[in-house]
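Data block below; observations after.
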Amino acid sequence: MASTIRSIEELTLEGVTTFIRVDFNVPLKNGEVTDDTRIRAALPTIQHALREGARVVLASHLGRPKDKVVPELSLEPVGARLAELLEDVDVRLTDDCIGDGARKVIQDLRDGQVALLENLRFHPGEKANDVDFARELGGSCGAYVNDAFGAAHRAHASVSALPGLIKERAAGFLMRRELEALDKLRTNAPRPYIAVLGGAKVSDKIGVMEALLEKVDALLVGGAMANTFLAARGLNVGKSIFEQDKLALARSLMSTAEEKGVDLLLPVDVRVGDSTEASEPQVTSADAIPSDAMALDIGPETEKRFRERLRRAQAVFWNGPMGLFENAAFAQGTLAVARAAADCPGFSVVGGGDSVAAIHKANLGGRFDHVSTGGGASLEYLEGRPLPGVEALRT
Ligand code: ADP
Ligand code: MG
């Protein structure tokens, strides 16, 4: 029999201590959560477990504490925000994710109560996928739920070793939604299927580019990544960010696209500035970038061509901003692509930390069919690679 991934609704949770791996890796400033999107995204799963009468144990990593306690990376502000969002539910933060304190808090939980374990990455066992650490963490729990899609591509203890120790395991609602949306693109995406890739580096996204070239009708490339392709075509990119050591790779991707009959569109014009702080963008043709200029956004003619492709798309996957969108003077290309992707007649998915930040900033999130909470995870999944945190859920 083929292995399956159960959904949280298929588990009996009443009176069961239920370990839920969530992605509460939120931005903090002065000890406050500045964007609670990820906390809200986990609420349906947490609330379902509570309604079913589970004793809920939540766990997450936060930032990069490098295997030791970093007080600024405590989940305390997250617990406070969660308690506000859950209103009448009591949320208890443990002083550490393992040890006597955590054990006592978990043992004392009653039905419908929530414990939030302190930052998983305060211990080396998390990243090392250490089974003993996993056992200490959640070995006493009767059910395991993973709702942290954004962490599913890492073989870490809370997403990989731990579910192997708990027979009653399942995907939470957010995890399920992510897998369903990305599965639609992985298998039988409706055509035309258009992918838009941008962002900082080609090297970050080689795998997904290769995989997409097998599936899409057109691949639109923008952002700093496009500069590497322009340079590979022999164009002068001035002071633009590009990867000198990836020119051969870019050439080989371009010839793969040609072999597969995939239209690979590069910018035909760009917005340039003399530095990343520039405030007055100049539009130039992509083959006339001045030697002292940086290409920081796609240009209006490129926007038009990309829009034209997206206008008829039946499926769209977009990852990576088209330019240095953090500087408002160079955000236009990204916003134009965001609007066009969202408004396409087909199924639109956006993934990637910075791309998602860009669409939220412009309030466009609600216009996509799916906004992935996982950057790296969504790319690896689309690439067709098995994600450790997904594989570990199979029963
Ligand atoms: P995502 O997080 O969506 O996957 P990346 O992390 O790959 O995206 O890249 C996002 C970063 O790339 C942003 O900080 C953006 O400013 C930068 N970027 C995009 N285009 C350019 C460009 N032409 N020049 C400099 N930086 C760029
Ligand atoms: Mg990023």
Side-chain angles (χ1 to χ4, degrees), residues 5 8 11 16-26 38 42 45-46 49 54-76 78-79 82 91-109 113-172 174-175 374 376-377 380 386-395:
I5 295 175
I8 183 172
L11 302 182
V16 177
T17 306
T18 304
F19 188 100
I20 308 182
R21 175 55 158 101
V22 287
D23 179 3
F24 284 170
N25 185 26
V26 295
R38 285 181 170 164
T45 293
I46 298 169
R55 306 171 180 197
V56 174
V57 179
L58 299 175
S60 177
H61 71 282
L62 176 61
R64 297 166 191 264
K66 307 251 163 77
D67 303 338
K68 58 180 189 321
V69 178
V70 176
E72 295 74 39
L73 292 175
S74 165
L75 280 161
E76 212 219 301
V78 174
L82 177 67
V91 178
R92 296 158 190 218
L93 178 72
T94 63
D95 61 343
D96 195 356
C97 63
I98 54 171
D100 293 342
R103 201 172 302 124
K104 173 126 187 24
V105 171
I106 294 173
Q107 265 165 12
D108 290 349
L109 275 181
Q113 281 190 338
V114 175
L116 173 62
L117 303 183
E118 185 52 285
N119 197 339
L120 293 167
R121 290 198 187 158
F122 285 175
H123 286 269
E126 169 63 357
K127 283 183 146 192
N129 201 16
D130 185 302
V131 180
D132 294 326
F133 172 76
R135 194 171 289 116
E136 262 212 75
L137 195 61
S140 69
C141 294
Y144 173 93
V145 173
N146 192 342
D147 214 21
F149 178 71
H153 60 315
R154 311 255 186 247
H156 292 173
S158 64
V159 301
S160 179
L162 178 58
L165 304 174
I166 303 176
K167 205 169 127 253
E168 297 300 318
R169 53 184 184 265
L174 177 61
M175 173 70 89
E380 287 192 24
L387 307 186
V390 174
E391 294 311 306
L393 290 177
R394 295 190 190 280
T395 49

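Summarising the geometry, atom NE2 belonging to His156 is positioned 5.5 Å from atom NZ belonging to Lys127; distances are rounded to the nearest 0.5 Å. For the atom pair CG (Asp108) and CZ (Arg55), the distance works out to 10.0 Å, reported to the nearest 0.5 Å. Taking CD1 of Ile98 as the reference point, atom CZ of Arg135 lies at 13.0 Å (rounded to 0.5 Å). Residue Gln107 holds its CD atom at 9.5 Å from OG1 of Thr17, rounded to the nearest 0.5 Å. Between atom CD of residue Glu136 and atom CG of residue Asp130 there is a gap of 9.5 Å, rounded to the nearest 0.5 Å. Once rounded to the nearest 0.5 Å, the distance linking CG of Leu73 with CG of Leu62 reads 5.5 Å.
Side chain of Asn146 to backbone of Ala171: no donor-acceptor contact under 3.5 angstrom is found. With hydrogens and angles disregarded, a donor-acceptor distance shorter than 3.5 Å links the side chain of Arg121 to the backbone of Gly63. Counting only distance, with no hydrogens or angles, the side chain of Tyr144 and the backbone of Gly164 share no donor-acceptor pair below 3.5 Å. Side-chain atoms of Arg169 come within 3.5 Å of backbone N or O of Ile166 as a donor-acceptor pair.
In this structure Arg394 satisfies the salt bridge (Lys or Arg N to Asp or Glu O under 4.0 Å) test together with Glu391, sequence neighbours excluded.
Closest heavy-atom contact between Ala157 and Pro163: O-CD, 4.3 Å. Here the closest heavy-atom approach between residue Phe24 and residue Val78 is recorded as CD1-CG1, 3.5 Å. Nearest heavy atom pair, residue Ala170 against residue Ile8, reads CB-N, 3.7 Å. When all heavy atoms are compared, the tightest approach of Glu118 to Cys97 is O-CB, 3.1 Å. Among all heavy-atom pairs drawn from Ala152 and Val390, the shortest one is CB-CG2, 4.2 Å. Smallest separation of non-hydrogen atoms from Ala143 and Leu11: CB-CD1, 4.3 Å.
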Determine, step by step, whether Val131 and Leu165 satisfy the side chain to side chain contact (heavy atoms under 4.5 Å, CB included) criterion, reporting the C-alpha distance in whole Å, the side-chain angles of both residues, the deciding distance to 0.1 Å, and the verdict. CA-CA 9 Å; Val131 180; Leu165 304 174; 4.2 Å; yes

What's the verdict on side chain to side chain contact (heavy atoms under 4.5 Å, CB included) for Leu93 and Ser74, showing C-alpha distance, side-chain angles and the deciding distance? CA-CA 10 Å; Leu93 178 72; Ser74 165; 4.2 Å; yes

Begin from the C-alpha positions of Ile106 and Ser140 and carry the test side chain to side chain contact (heavy atoms under 4.5 Å, CB included) through to its verdict. CA-CA 9 Å; Ile106 294 173; Ser140 69; 4.3 Å; yes

Any chance you could lay out the side chain to side chain contact (heavy atoms under 4.5 Å, CB included) test for His61 and Asn119, step after step, and finish with the verdict? CA-CA 5 Å; His61 71 282; Asn119 197 339; 4.0 Å; yes

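Checked against Ile46 for a side chain to side chain contact (heavy atoms under 4.5 Å, CB included), the options Leu58, Thr18, Val145 give a single hit: Leu58. The residue from Lys68, Arg21, Lys66 that alone fulfils the salt bridge (charged side-chain N to carboxylate O under 4.0 Å, His left out) condition with Glu126 is Arg21. Between Val57 and the choices Val105, Ile20, Leu117, the side chain to side chain contact (heavy atoms under 4.5 Å, CB included) rule is met once, by Leu117.
The aromatic rings of Phe133 and His123 sit tilted relative to each other, their planes meeting at an angle between 30° and 60°.
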